[in-house]
Each structure stands twice: as structure tokens, then as C-alpha cells.
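Report on the structure given below.
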Amino acid sequence: MKLWRVNFLSFRIVKGLIFGVIVFAFSQLNAQNSLPQRQLDNMTQNYTLSNVDSLSIDKRLYHVSSFLESAFLSEKDSLIYKGLRQKTWLLSKAKQYDSAIVYSHQLYDLARQNRDTFFITNALTKLGLYNKKNNDLAESFKYYNEGFKISRIINDKVKIGRYLLQMANIQTSLGDFSGSKTTAIDGVIYLEGTSDLKNLAGLYHIISVANRKQKNYKEAFKYNEKALNLGKDSISIKTIGTKNILIFKNTKALILANQGYYEEAIAMLNILVSDPIVQQDKREYARVLSNLAYIQWLEDKENKNSETLLLTALKIRTESNDVIGLVTSNIHLSKYYFEKDKTKALKYAEAAYYNAKQQHSLELLLEALGYIFKLKEKTNEEAKEYDRIHKKIQEVNQSNREIYAVTRYENDKLTNENLILKAETARKERQQVIYLFSTLFVFLIGGVVFYLYRQRLRREKIREVYNAEARISKKLHDELANDVYQVMMQMQNDQNDPGVLDKLEEIYNTTRDISREHNSFKTGEEYATELNGMLSSYSTNGTKIIIKDIDEINWQAINPEKKIIVHRTLQELMVNMKKHSHAELVAITFKKTPKGVVITYADTGVGVAAEEIIYSNGLQNTENRIKTIGGSFIFDSAKGKGFKAKINFPN
């Protein structure tokens, strides 16, 4: 079984970019005259040489150390960051993990001082990685956990998932499969829905491995399928890595073998062992080969081919110095010879123990000691060692659980607090919105009610005036008609009385004028015809009336109250013209505009002086009428220049 590993520091990929940035930093430094040009050139050269792969690690370390020394003198943090990152990476390549950890601490301290979360998490990643390579898993777990906490605060989901993957890997290495599953599942929660397929697949794989170790094969198979399904096309396979997909398939074969499906497992491993990518990687080839040989032996204990393949895998791992792989191969051989040759079985068990000690792997040490105890009698020294390692593993696992339990509690608490805060904020926002809309609704309803009330009063007022005028007109007409009748009766008695005839004519004309001014009219479809008729009725032999475009107006769209006002206003103008203007020509023009209707009146009469206009009750009444429908009445006149008026009202 191979654990999932992620390298956070892909320096080869970004080497060119880093170099470009460093050159830019040098130019900025030079602009500030912090260092002489010659020293800047030396720094550029040293950093460049530290990236040259053809040079030995020692020479590259020498050049980056020279660069870092100048960077500290410049007191330029951006250069110090780059120097420390480069040096820690090169020290790791040289497997000088203790020194890499020392310089990673310097990077961490500088980042903490500057409160730079990017470099803080970068330094914590390095400390976790180098402590893990140095086989100090407890210390590594601690630093990864610190990185997880900071990433959680800044809500960087991808980094959170990656830290949890590393922590779950460590827990698996220590045999804490329950803890590993808990941590990995938390990581899945953060990474699902992101584009980080590689690390999400890694988390699925860790959960699958942990379930397999706990013999929960149904769940192991489920999460193995999840990991494999992420690589369903060429793009996702490239993202996850072809090699990692092959690892998932190897794990699937082991799950099948654990359930007794040896034929299916062997078929899968035969495909893998023939894969060119596997064959090109000696460690992967040896791992698949060893698993294939071991499962063939499980299927058939008399299988002669198994021993050959197991020994071949052991040889490849020895040549490639694959210490963890050697532990697995020696354990497989110890199991193979357990019933056949106790001496060989013990030899391979002790070799596995030796390899595990080299790797400082407590879990592998415990497994190797278990086989040693089965193959020979316990000695006090070996018993003490077994007990010590067992207790050590328990202590480390317990410590890791406590570290992550506290962090997880803080995370849950922070999440709950955030949810409560968001809920409270949302509640207050909803209340504010409700209050706002309630207020607006009240004002709107109030405005509508007030408007309708005013319109109602206005309509009622107009109708009352109209009805009153109609009643007065009828009354006057009836009364005057009676007077006319009486005068006519007198005429019958004395037809030659000229005074009676004059009086009769005066009464009759007055009656016609009053009736014409105040008679009722229709405001429906026949309105335009009646209005045109009213205006035309003022035409005499001495006065010509011109009415233009009256039919262009959509009178049906205008409410009855406005029609009444228009009729009375124009009637007032015509009466004034008849009584005072003595105009020979009157022009009335109707025009439709986007906002309403404009009516223009003009005559060629004697006109009227300004002071007479002010005291003209008829014109003042006309202006007041137009204002009641939201319109305007503008007039212009002077003695001897006729009279003009402009009526404007909305539809």
C-alpha cells in the first residue's frame, strides 16, 4: 500500500516565473539605490546559478547562500522570501532535512512578523513536509494542522483540503485509520465542488485505504470507485496524474483480494504490471509485482511462480533503495515462507524490522515485530521494544487526535458562530426590508387614496357646476319664455306698439344666449361633433369661424370631466368674442402632443387692455377651470391687436 503524497512546492514548474520576478525585484532595488550595481549583478547571477540543474547540489546551495546573504543586507523582504524558499528546497533535495527545517523556521518567523498569510502557510507547508521526510510524524502533523487553521480563517478551501490530506496521510502511516477517515472526510467536504481533482482523489483514496485496513470492504470499494471516477476523461486523468490512477487500480485489486476475489485481482494486476508507465517506474513496478506474487500465492499456496516474483520485486527495491517497499516485500516473503521454512521466514521478518527502523516507521516496526514473535520465542529486549513502540504509537495517535479535535471544535464553533451571525444579519436585513416595504406600501396606499379622493371631489365639483348651470339654464329659459309669452299676448292687443316689439326681441335674444351658454351636451362618441357645432354656431355674416384638426384628437381617451371643462372654456372664449371682440375672423386649432392636447384660439377683434383682462371674471373663471384638470390657460391681447389664448391639458 502506497500513501498519497502531494508536493506543494512545484519549483521546477514556476522556476522561470520566479526568476523573472527576482530580476524585477532587483531592478526596483536598484532604483532605490539600496545596493551598488555590481552587487546587484552578483545577486542575479547567484540566484540564476542556484537554479541550474547541471550543477551539483552543493554548488547550487553555495550560490543560493551567497544570494541570501546579500538579500539580508538589502533588508528587502521579497528577496529574503525568495532566498529562503530556494534554499529550503535545495536542502530538501540534498536530504538535509534538519537544515531545511531551520531555514523554514526563518521563513515562518519573517512571514509572521509581516503578517503575510501566503508565506506563513508556505512556511508551515515546508515544516510539515520536511518533518515528515525526517520521520518526525507528530511534529509534521502539528505544522500541517497550524496551516489548516490559518487557511480556515482566510477561507481558502483548496489549501484546507490539501492540509487535511497530508494530516490524513500521517494518521494512516501511524495506523490510526479511524482518525484518518475523519480527517479525510473533512477534507472532502472542503474540496468537493472545487477544481482540485488531484487532491480530492487523494482524499477518496485515503478513505478507501483506511476502510480496507479496517476490513470495511464495501466502503473501501465505494471510495476507490469515487477516486477512479474522477479520472473519467483525458483532461481529468492529466490533472490527477496517470500514475495516481494506476495506484488507485492497484488498491482496487487489493480490496478484491481481501474479499477473496483472487482471479479478478490477479487479472487487474497483470494488466498493471504490463503497463509501460508502471514498467518505467521501478518502484511502482516492484510494488505491483510484489502484490501480484503475494495474491497468486494466496489463491494457490503451491504456486511456484510466486516465490520468483517476490524475490524479483525484493531485488528491484533493494537496487532502488525503496526502504518502505523493502518492508512490504520482506513481510510478503516472511508470510510466504512461514509454513515452508521458518528460518527464511524469520530472516525476512528481521529484515523488515531493520528496514522499518531505517524509516522510523512505528507502524511498520510493530508489524515486523509481530511476525518475529510468531517465529521465535520472545526475548525481554524484543518484548520491551514491542511494548515501547506500541505505546509510542498510541501516544502519537492520541496526541494527533487531541490536536485535531481542538482544531475541529474551533472550526465547528467558528462555523456555527458565522452561521448564527449570518442568520441574525439576514433576519435584521429581512426586518429592514419588511419595514421599508411596509412604509412604502402605506405611503403608496395613502397616496392612491388621497389621489382618488381628490379626483372624486374634483369630478363631483365639475359635475355639480355642470348640473347647476344646466338647471339655471333651464330655469332662466322657462321664466324668460313666460315673459315672452306675456309680451306676445300684449302684442295681440296692440300690434303697433314699437316698444313692446323691441322688448320682445331683447328678451328672446337673451334667452337664446343663456340657453346656448348653459345647455347640456353629450360627452361620449358625439362629443367632437357637438363641440364643433357649438363653435360653429357663433358664426354670423360678420364673423367667420375656422376650426382646424378637431377630429385629430382622440376624444374617447379623454375623461368626461375634462371634456366638460374644454367645452365650457371654449364657450367662454366664444361668448367674450361675441360680446366684446366683434372679430371678423376666429381661428381655433387643435393639436395632439405626446403629453396631452393643445388648443390655440386667435381672433382679429378689437382686443382688450391688460388691466381689463385682470378684472375679467369670465377669463379668471376659465383659467381656474383649466387648472382643475392639471392644465394651463395663457392669453395675450392688446387694444386693437386682437385676442390670443393657448389651452394646454394632459390626456
Think Lys301 forms a cation-pi with Trp297, using NZ or CZ under 6.0 Å from the six-ring centre and within 45 degrees of its axis? yes
Do the ring planes of Tyr204 and Tyr223 sit parallel (below 30°), tilted (30 to 60°) or perpendicular (above 60°)? tilted
Does the ring center of His105 lie less than 6.0 Å from the ring center of Tyr143? yes
Just checking Glu225: does its CD atom have more than 12 heavy atoms from other residues, nucleotides or ligands closer to it than 6.0 angstrom? yes
On the 0 to 90° scale, with breaks at 30° and 60°, tag the His205-Phe248 ring pair as parallel, tilted or perpendicular. tilted
Tell me which pairs pass salt bridge (charged side-chain N to carboxylate O under 4.0 Å, His left out) where either residue lies in residues 106-123, with sequence neighbours left out. none
Quick one: sort the Tyr294 and His332 rings into parallel, tilted or perpendicular, breaks at 30° and 60°. parallel
Residues in side-chain hydrogen bond (donor to acceptor under 3.5 Å, both in side chains) contact with Asp196, at least two apart in sequence or another chain: Arg162, Asn199
Say whether Gln86 and Asn51, considering side chains only, have a donor N or O and an acceptor N or O under 3.5 Å apart. yes
Answer with yes or no whether the side chains of Lys133 and Ser92 bring together a donor and an acceptor at under 3.5 Å. no
Is it the case that atom NZ in Lys282 sees more than 12 heavy atoms from other parts of the structure closer than 6.0 Å? no
Does any donor atom in the side chain of Gln214 or Ser178 lie under 3.5 Å from an acceptor atom in the other side chain? yes
Scan side-chain atoms only and decide if Asn211 and Lys181 contain a donor-acceptor pair under the 3.5 Å cut-off. yes
